[in-house]
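Worksheet: one structure, shown below.
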Amino acid sequence: MAHVVSSLDQPSNYKDSQARVDRQKQNDLLAKSTTLYVGNLSFYTTEEQIYEVFAKCTSPEDGGGIKRIIMGLDRNTRTPCGFCFVEYYTHAEALASMRYVSGTKLDERIIRCDLDLGYKEGRQFGRGKSGGQVRDEHRQDYDPGRGGWGAQAQRAEIERRREVEERYADAQDGPGAVAGGGGDWKQEDSGASTNKLKRERSPDDDGDERLVSLNLPFFRVVHL
């Protein structure tokens, strides 16, 4: 029955695609590795949470423990992008974590752990075109823990909105467009209308205007 259930400490087919060593050399390095690659993390999982989970497989009394944690970062924004490296002091601790932590949930996500060839500077950055991980470039599902839609879907949505905005701008500038504003011409037209309503002055109006302006009372002359 031993062949029915695969060994918990059996390394997966994961390998660094940029590693310049053959498969046999990789197997030799993995047999002594003290580093774990941890994938499928939420973008919001903190280093403190990772330390708390992966420290459960350490042996501080034997000189072991977690040496350091390197968070995976988006190459452009320098924000977490869903993976990390956990370095232990001993190979046994790394192997124990792969056995018992891989496949468990962290922040409601099933995380994946694999022995790694060893961390090198630069591997903390995502290798996708958008700066994050390659897997998030082509993802078609909506994953709130990993930034929502995949990068390609986000770019397509941005392009669609840009085209809509351009069409809207062309419609406003084209024939039959409704002019906006209009406050100035309304004021000018209103002033012109008011002037047209006023009757122009005539010479016959001089006397009437003097009488009106003096506002004299009417007196009746009585001859004695």
Side-chain angles (χ1 to χ4, degrees), residues 1-75 78-128 131-137 139 141 143-147:
M1 296 294 291
H3 65 282
V4 177
V5 180
S6 59
S7 175
L8 292 175
D9 59 358
Q10 179 66 35
S12 71
N13 292 324
Y14 159 79
K15 76 182 189 73
D16 181 10
S17 60
Q18 295 185 359
R20 298 294 184 263
V21 293
D22 58 35
R23 191 64 182 177
Q24 183 58 47
K25 180 64 174 177
Q26 287 190 45
N27 291 336
D28 294 340
L29 292 173
L30 292 175
K32 298 179 291 184
S33 175
T34 61
T35 304
L36 282 183
Y37 171 88
V38 183
N40 200 38
L41 292 172
S42 167
F43 288 1
Y44 307 102
T45 298
T46 65
E47 185 175 336
E48 289 76 16
Q49 288 175 281
I50 295 170
Y51 187 92
E52 182 180 356
V53 171
F54 285 87
K56 296 183 183 301
C57 296
T58 59
S59 305
E61 63 278 3
D62 297 329
I66 294 177
K67 187 176 181 180
R68 62 173 175 167
I69 295 174
I70 301 99
M71 298 296 291
L73 302 176
D74 186 291
R75 187 174 63 253
R78 297 299 195 266
T79 55
C81 64
F83 71 99
C84 75
F85 297 93
V86 180
E87 285 190 355
Y88 290 93
Y89 283 102
T90 66
H91 173 69
E93 291 172 314
L95 201 59
S97 286
M98 193 183 70
R99 286 175 176 172
Y100 304 119
V101 179
S102 184
T104 61
K105 277 190 175 183
L106 178 58
D107 270 348
E108 297 303 315
R109 303 184 67 84
I110 297 177
I111 59 176
R112 185 185 73 254
C113 305
D114 284 294
L115 289 174
D116 189 80
L117 299 177
Y119 171 77
K120 291 182 180 180
E121 185 62 31
R123 290 189 64 199
Q124 73 270 38
F125 299 121
R127 296 172 180 172
Q133 287 192 275
V134 175
R135 59 166 290 196
D136 290 316
E137 287 287 323
R139 184 167 47 77
D141 62 320
D143 191 338
R146 295 184 69 88

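Worth saying up front: this structure is predicted, and the values here are computed from it rather than measured. Scope of the values below: all heavy atoms of this structure, side chains included, with no hydrogens, waters or symmetry mates.
Closest non-hydrogen pair, Tyr37 versus Gln133, comes out as OH-NE2, 3.0 Å. Counting all heavy atoms, side chain and backbone alike, Thr45 lies closest to Ile50 at CG2-CG1, 3.9 Å. The two residues Cys113 and Ser102 come nearest to each other via the heavy atoms N-OG, 3.1 Å. Looking at every heavy atom in both residues, Phe54 comes nearest to Ile111 through CZ-CD1, 4.1 Å. Nearest heavy-atom pair across Thr58 and Glu93 is CA-OE2, 3.3 Å.
Ion pairing between a basic and an acidic side chain is recognised when a charged N comes within 4.0 Å of a carboxylate O; Asp136 and Arg139 show such pairing.
The closest donor-acceptor contact from the side chain of His91 to the backbone of Thr34 lies at 3.5 Å or more, if one exists at all. Ser33 places a side-chain N or O within donor-acceptor distance of the main-chain N or O of Thr35, the cut-off being under 3.5 Å. A donor-acceptor pair under 3.5 Å links the side-chain atoms of Arg109 to the main chain of Asn40, judged by distance alone. Between the Ser42 side chain and the Tyr44 main chain, a donor and an acceptor come within less than 3.5 Å of each other. Between the Thr79 side chain and the Asp74 main chain, no donor and acceptor come within less than 3.5 Å of each other.
Ring-plane geometry between Tyr119 and Phe85 is classed as tilted, the angle between the planes lying from 30 to 60 degrees on a 0 to 90 degree scale.
Atom CD1 of Ile66 is separated from atom CD of Glu52 by 10.5 Å, given to the nearest 0.5 angstrom. In this structure, SG on Cys84 lies 12.5 Å from CD on Gln124, to the nearest 0.5 angstrom. Atom CG of Leu41 sits about 9.5 Å away from atom CZ of Phe83, to the nearest 0.5 Å. Atoms CG and CG, on Leu30 and Leu117 in that order, are 5.0 Å from each other to the nearest 0.5 Å. The SG atom of Cys81 lies 10.5 Å from the CZ atom of Arg135; values are rounded to the nearest 0.5 Å. To the nearest 0.5 angstrom, Leu106 atom CG is 7.0 Å from Thr104 atom OG1.
A cation-pi contact links Arg78 to Phe125, judged by a cut-off of 6.0 Å to the six-membered ring centre and 45° from its axis.
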